[in-house]
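Everything below concerns the one structure shown next.
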Amino acid sequence: MSEILYVRGDATVPSGEGAKVVAHVCNDVGGWGRGFVTAVSERWPEPEAAYRAWYRARETNDFGLGAVQVVRVETDVWVTNLIGQRGIRRRGRGTVPVRYEAIDTALAALAPRALDLGARVHMPRIGCGLAGGTWSRVEPLISDRLLKRGVHVTVYDPGEEPE
């Protein structure tokens, strides 16, 4: 089993050769506009459009906690919208919206898709920004659901890679 590769940089500019999946956590209320999603939308319009359409049609599809939406954005790059957040937190008040069980379910669903694509998974520290989660709770989920299945994972921390 490999380990998570940690790098400094932008997860919307995944490094390396071959197929890549950029994974990030979304909320379950149709909100898109703060956090990592802004970087996704600046680079590719398709994931936001797909997420909003998925949410609008939620009565007739699988949209909800733990669901995964895979959106092709380049020939060898896909973005996955992982629903791992219940609602949104207003200005730091209230309960944290992260739902670890939903992230776990979504990662379990992501693994076979990444393997089918022959892709490495690239991500920020999912669930740990606006969702309010802690990396010590998310990292083991990535290990159990992706690494143990043979999926290589690169996690991006903001900032420039040292030269």
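Note that the coordinates shown come from a computational prediction; the quantities given were computed from them, not determined experimentally. Sequential numbering from 1 along the given sequence is applied to the chain's residues.
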Check [X] against [Y] and note the closest heavy-atom contact, atom names and distance.
{"X": "P97", "Y": "A131", "answer": "CD-O, 3.1 Å"}
{"X": "P47", "Y": "Q69", "answer": "O-OE1, 4.4 Å"}
{"X": "I83", "Y": "N27", "answer": "CD1-O, 3.6 Å"}

Hey, can you pull the donor-acceptor pairs under 3.5 Å for the side chains in residues 11-26, sequence neighbours left out?
unit_1, atom_1, unit_2, atom_2, d
T12, OG1, D10, OD1, 2.7
T12, OG1, D10, OD2, 3.0
S15, OG, Y156, OH, 3.3
K20, NZ, G16, O, 2.9
K20, NZ, G18, O, 2.8
H24, NE2, N81, OD1, 2.7

Presence of salt bridge, R8 and D157, under 4.0 angstrom: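 Between R8 and D157 there is no salt bridge, as every charged N stays at least 4.0 Å from the carboxylate O atoms.
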
I want to check something: taking the side chain as every heavy atom from C-beta on, are V37 and E48 in contact at a cut-off of under 4.5 Å?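 No, every pair of side-chain atoms sits at 4.5 Å or beyond.
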
Under a 4.5 Å cut-off applied to non-hydrogen side-chain atoms, are R43 and E74 in contact?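 Yes - at least one pair of side-chain heavy atoms lies under 4.5 Å apart.
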
Cation over ring, R58 on Y55, under 6.0 Å and within 45°?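 Because its charged atom sits under 6.0 Å from the ring centre and within 45° of the axis, R58 does stack over Y55.
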
Step by step, would you call V155 with L5 a side-chain contact (heavy atoms from CB on, under 4.5 Å)? CA-CA 6 Å; V155 171; L5 174 63; over 6 Å; no

Side chains of residues 105-117: which donor-acceptor pairs under 3.5 Å do they make with residues two or more places apart or in other chains?
unit_1, atom_1, unit_2, atom_2, d
T105, OG1, E101, O, 3.0
R113, NH1, V68, O, 3.4

Under 4.5 Å between side-chain heavy atoms, counting indirect links through other Ile/Leu/Val/Met/Phe/Trp/Tyr residues: same cluster for [X] and [Y] or not?
{"X": "M123", "Y": "V98", "value": "yes"}
{"X": "Y51", "Y": "I88", "value": "no"}
{"X": "Y100", "Y": "V153", "value": "yes"}
{"X": "W44", "Y": "I126", "value": "no"}
{"X": "L65", "Y": "V96", "value": "no"}

Look at the rings of W135 and Y6 and say which category their plane angle falls in: under 30° parallel, 30 to 60° tilted, over 60° perpendicular.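 Answer is perpendicular, since the angle exceeds 60°.
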
From [X] [atom1] over to [Y] [atom2], what is the distance, rounded to the nearest 0.5 angstrom?
{"X": "F36", "Y": "C128", "atom1": "CZ", "atom2": "SG", "result": "13.0 Å"}
{"X": "T154", "Y": "I4", "atom1": "OG1", "atom2": "CD1", "result": "9.5 Å"}
{"X": "L147", "Y": "I142", "atom1": "CG", "atom2": "CD1", "result": "7.5 Å"}
{"X": "K148", "Y": "S2", "atom1": "NZ", "atom2": "OG", "result": "12.5 Å"}
{"X": "H152", "Y": "L146", "atom1": "NE2", "atom2": "CG", "result": "11.5 Å"}

When you measure from the side chain of S41 to the backbone N and O of T38, does any donor-acceptor pair fall under 3.5 Å?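 Side chain of S41 to backbone of T38: no pair is present.
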
Tell me, with the steps shown, if W54 and D62 meet side chain to side chain donor-acceptor pair (under 3.5 Å). CA-CA 8 Å; W54 190 29; D62 67 342; 2.9 Å; yes

Who are the salt bridge (Lys or Arg N to Asp or Glu O under 4.0 Å) partners of R120, not counting sequence neighbours?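 Once residues adjacent in sequence are excluded, R120 has no partner under the salt bridge (Lys or Arg N to Asp or Glu O under 4.0 Å) criterion.
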
Determine the sole option in R86, R99, Q85 for which the side-chain hydrogen bond (donor to acceptor under 3.5 Å, both in side chains) test with D28 is passed.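 The option that passes is R86.
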
